[in-house]
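Below is one structure; the comments refer to it alone.
Bear in mind the structure is a predicted one, so any value in this text is a computation, not a measurement. Chain letters run A, B, ... following the sequence lines, proteins first, then strands; residues in each count from 1.
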Number of protein chains: 2
Amino acid sequence: MTDMTIGKVADVVGVGVETIRFYERRKLIEQPPRPREGGYRIYSDTTVKRLHFIRRAQELGFSLREIAELLALRDAESNQADASDVRQRAMAKLHDVDQKIDQLRRIRQGLAALVDCCPGQGPLQCCSIFDALEQNAGPTGGPIISEETDMQTIRLSIGGMHCGGCEEIVRHVLEQQTGVKGCSVSHESGEARVAVDESRISDEQLAEAVRGAGYSANIMNTTE
Amino acid sequence: MTDMTIGKVADVVGVGVETIRFYERRKLIEQPPRPREGGYRIYSDTTVKRLHFIRRAQELGFSLREIAELLALRDAESNQADASDVRQRAMAKLHDVDQKIDQLRRIRQGLAALVDCCPGQGPLQCCSIFDALEQNAGPTGGPIISEETDMQTIRLSIGGMHCGGCEEIVRHVLEQQTGVKGCSVSHESGEARVAVDESRISDEQLAEAVRGAGYSANIMNTTE
DNA sequence: TTAGTGCCCGTACCACGGTACGGGGTCAAG
DNA sequence: CTTGACCCCGTACCGTGGTACGGGCACTAA
């Protein structure tokens with residue numbers, strides 16, 4: 001039974017005393033009864049095991065909430081809960097982890113590309129990293145994080161704009177279209193970025209509207 | 001210049017209005033002056049670019065704090081800051097990302113091993129996942145997260161313990177050793193886990209102490 | 001001119017996983 | 001029998017990245 005006080009348990013498991021109390025508040029482990037007439041609480045080996053379980057599961061990427069569920073599953077032993085349930089959760093987590101790895105790999109590619117194309121010396125104005133990051137679709141070849149909203153950003157390549165006035169005209173034309181929530185136009189880059197609800201207007205319709213104002217327009221890509 | 005109010009900017013960039021205000025409070029972007037006698041604030045294209053920069057950098061795994069630093073670097077243009085500084089940060093981040101990927105891969109292995117060895121049906125008592133997680137060094141072959149403290153957990157395989165009394169004796173012996181902060185002993189599993197400051201005692205010394213009490217002892221592995 | 005959006009601003013709140021503090025009580029070694 | 005380390009308990013706070021709310025103006029299309 002190896003009776004221990006909270007500090008010993010913390011040392012053995014490798015967490016702080018406060019962390020154990022925190023887990024108690026979160027109902028991940030139960031607080032041992034205090035001996036009557038005061039004194040220190042005695043922690044059993046079962047609790048130590050439970051703590052090891054929590055730490056290992058955390059290392060495997062389970063959140064405290066998920067761990068609580070796993071533990072509850074076990075505590076309700078001899079119920080209908082069986083091993084397939086646990087296995088399912090582990091597999092779901094495996095899938096999560098795979099997705100995270102994929103995402104990080106994409107991030108890695110983006111970063112590597114940035115590092116590669118940066119001269120690594122000279123004034124900041126020559127640093128291509130800043131330039132790359134200012135584009136709304138950057139070197140990774142698309143957005144890494146997708147939004148769950150209906151809003152999309154459509155990029156148009158526009159020819160024939162020579163000044164701020166042209167910008168103004170194009171902007172006005174775009175903003176008059178159904179489903180357009182906003183846009184930014186630059187005659188320097190020859191681009192427009194349009195925030196739009198794609199269920200209400202297509203990118204081709206947008207391009208057509210711009211052409212109707214006397215400019216050329218091509219769809220560059222879609223953020224979705 | 002494409003003047004926009006905050007809502008348009010939010011739509012174009014793909015964030016919420018509140019988020020933009022939040023970035024203003026965090027000094028990531030500056031709040032445009034409000035026209036005298038009230039009215040709406042007008043956001044410039046520069047701010048929109050800055051927001052795109054923030055989003056992209058976030059997608060690449062930079063925290064808001066780091067992004068603020070990058071932006072400050074750029075704002076202090078024509079100072080001694082140059083492209084190599086930015087490149088360094090990108091490379092450091094690349095390294096971070098590599099480490100995260102490695103860690104996730106180890107997590108993945110652990111999870112996969114867990115899933116493999118679980119029968120996937122039958123009562124919970126047969127589920128090997130729980131058993132595996134209760135060990136303090138699990139199926140991944142070592143701790144995934146290392147602590148920065150001096151404390152280590154040493155596992156000893158102990159032979160000759162037949163009852164709780166034996167546990168008691170072994171525990172007492174171990175706790176008397178220099179540098180030992182706590183331990184848990186089980187005669188069922190024939191194991192002891194000892195929390196110890198390794199700079200003050202070696203695992204072999206611990207094993208020797210147990211042998212001196214009349215039991216056999218072997219070092220199982222070390223958490224460091 | 002009036003209804004309906006949208007902006008302004010301050011403040012409070014969310015999840016997450018802890019950490020810190022303060023005023024006590026308890027325990028064991030010297 | 002004192003001293004120092006440890007425990008108890010409640011409560012407050014940390015950093016991260018936002019979200020929500022509510023009262024009051026501003027703007028615009030019908």
Side-chain angles (χ1 to χ4, degrees), chain A residues 3-43 47 51 54-55 57-69 145 147-149 172 175-176 178 180-182 195, chain B residues 3-43 47 51 54-55 57-69 96 145 147-149 172 175-176 178 181-182 195:
Chain A
D3 297 343
M4 288 188 279
T5 60
I6 195 170
K8 303 260 184 200
V9 173
D11 283 344
V12 168
V13 178
V15 300
V17 168
E18 301 296 338
T19 306
I20 293 178
R21 292 200 202 291
F22 172 69
Y23 291 159
E24 285 168 356
R25 286 201 292 281
R26 281 290 191 84
K27 304 281 175 64
L28 288 171
I29 56 181
E30 75 201 50
Q31 194 178 31
R34 204 173 169 183
R36 53 197 129 290
E37 301 316 319
Y40 297 168
R41 293 181 188 283
I42 297 304
Y43 286 77
T47 305
L51 283 166
I54 294 169
R55 298 307 282 181
Q58 254 187 325
E59 287 169 6
L60 289 175
F62 290 92
S63 69
L64 292 187
R65 173 186 303 276
E66 290 167 325
I67 294 170
E69 285 170 13
I145 295 163
E147 287 104 38
E148 65 292 340
T149 161
H172 190 75
E175 284 184 348
Q176 292 306 109
T178 329
V180 170
K181 303 279 287 183
Chain B
D3 297 343
M4 287 187 279
T5 60
I6 196 170
K8 304 261 185 200
V9 173
D11 283 344
V12 169
V13 178
V15 300
V17 168
E18 302 296 337
T19 306
I20 292 178
R21 292 199 202 292
F22 172 68
Y23 291 160
E24 286 167 357
R25 285 200 294 280
R26 281 289 192 87
K27 302 283 175 62
L28 288 171
I29 56 181
E30 76 201 49
Q31 192 177 31
R34 205 173 168 181
R36 52 197 127 290
E37 303 314 321
Y40 296 167
R41 295 181 187 282
I42 295 305
Y43 287 77
T47 305
L51 283 166
I54 293 169
R55 299 306 284 181
Q58 254 187 326
E59 286 169 5
L60 290 176
F62 290 91
S63 69
L64 291 187
R65 172 186 304 275
E66 290 167 326
I67 294 169
E69 285 171 13
D96 281 3
I145 295 163
E147 289 104 37
E148 66 289 342
T149 160
H172 190 75
E175 284 184 348
Q176 292 306 108
T178 329
K181 302 280 285 184

So do [Y] and [X] actually touch side chain to side chain, heavy atoms under 4.5 Å?
X: A/Q58; Y: A/I67; result: yes
X: A/E24; Y: A/P32; result: yes
X: B/L64; Y: B/Y23; result: yes
X: B/D11; Y: B/M4; result: no

What do you reckon, is CD of A/E69 surrounded by more than 12 foreign heavy atoms closer than 6.0 Å? yes
Considering only side-chain heavy atoms of [X], which listed nucleotide, [options], is closest?
X: B/R55; options: D/dG18, D/dC7, C/dG18; value: D/dG18
X: A/R41; options: D/dC8, C/dC7, C/dG17; value: D/dC8
X: B/L64; options: D/dC9, C/dC9, D/dG18; value: D/dG18
X: A/T5; options: C/dG18, C/dC16, D/dC7; value: D/dC7

Can you tell me how far [atom2] of [N] sits from [atom1] of [X], to the nearest Å?
X: B/K8; N: D/dA26; atom1: NZ; atom2: P; result: 20 Å
X: B/R34; N: C/dG6; atom1: CZ; atom2: C1'; result: 13 Å
X: B/E18; N: C/dC13; atom1: CD; atom2: C1'; result: 12 Å
X: A/I6; N: D/dC6; atom1: CD1; atom2: C1'; result: 11 Å
X: B/D11; N: C/dC7; atom1: CG; atom2: C1'; result: 13 Å
X: B/D3; N: D/dA26; atom1: CG; atom2: P; result: 19 Å
X: A/L28; N: C/dG18; atom1: CG; atom2: C1'; result: 12 Å
X: B/M4; N: C/dG6; atom1: CE; atom2: C1'; result: 16 Å

Think [X] has a side-chain N or O under 4.0 angstrom from the OP1 or OP2 of [N]?
X: B/R25; N: C/dG10; value: no
X: B/Y40; N: D/dC25; value: no
X: A/R65; N: C/dC16; value: yes
X: A/R26; N: C/dC16; value: no
X: A/Q31; N: D/dC8; value: no
X: B/Q58; N: D/dT16; value: no
X: A/T19; N: C/dT19; value: yes
X: A/Y23; N: C/dG17; value: no

So which of B/I29, B/L28, B/V13 actually passes side-chain contact (heavy atoms from CB on, under 4.5 Å) with B/I20?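 Testing each of B/I29, B/L28, B/V13 against B/I20, the sole residue satisfying side-chain contact (heavy atoms from CB on, under 4.5 Å) is B/I29.
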Most 5' of A/G16 and A/G39 on DNA chain C, judged by nearest nucleotide: A/G16
Touch class at under 4.0 angstrom, heavy-atom based, for A/E24 against every strand present: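 Nothing, no nucleic acid heavy atom in range.
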Any base atoms under 4.0 Å from A/R21, or only sugar-phosphate, or nothing? Heavy atoms, all strands. base
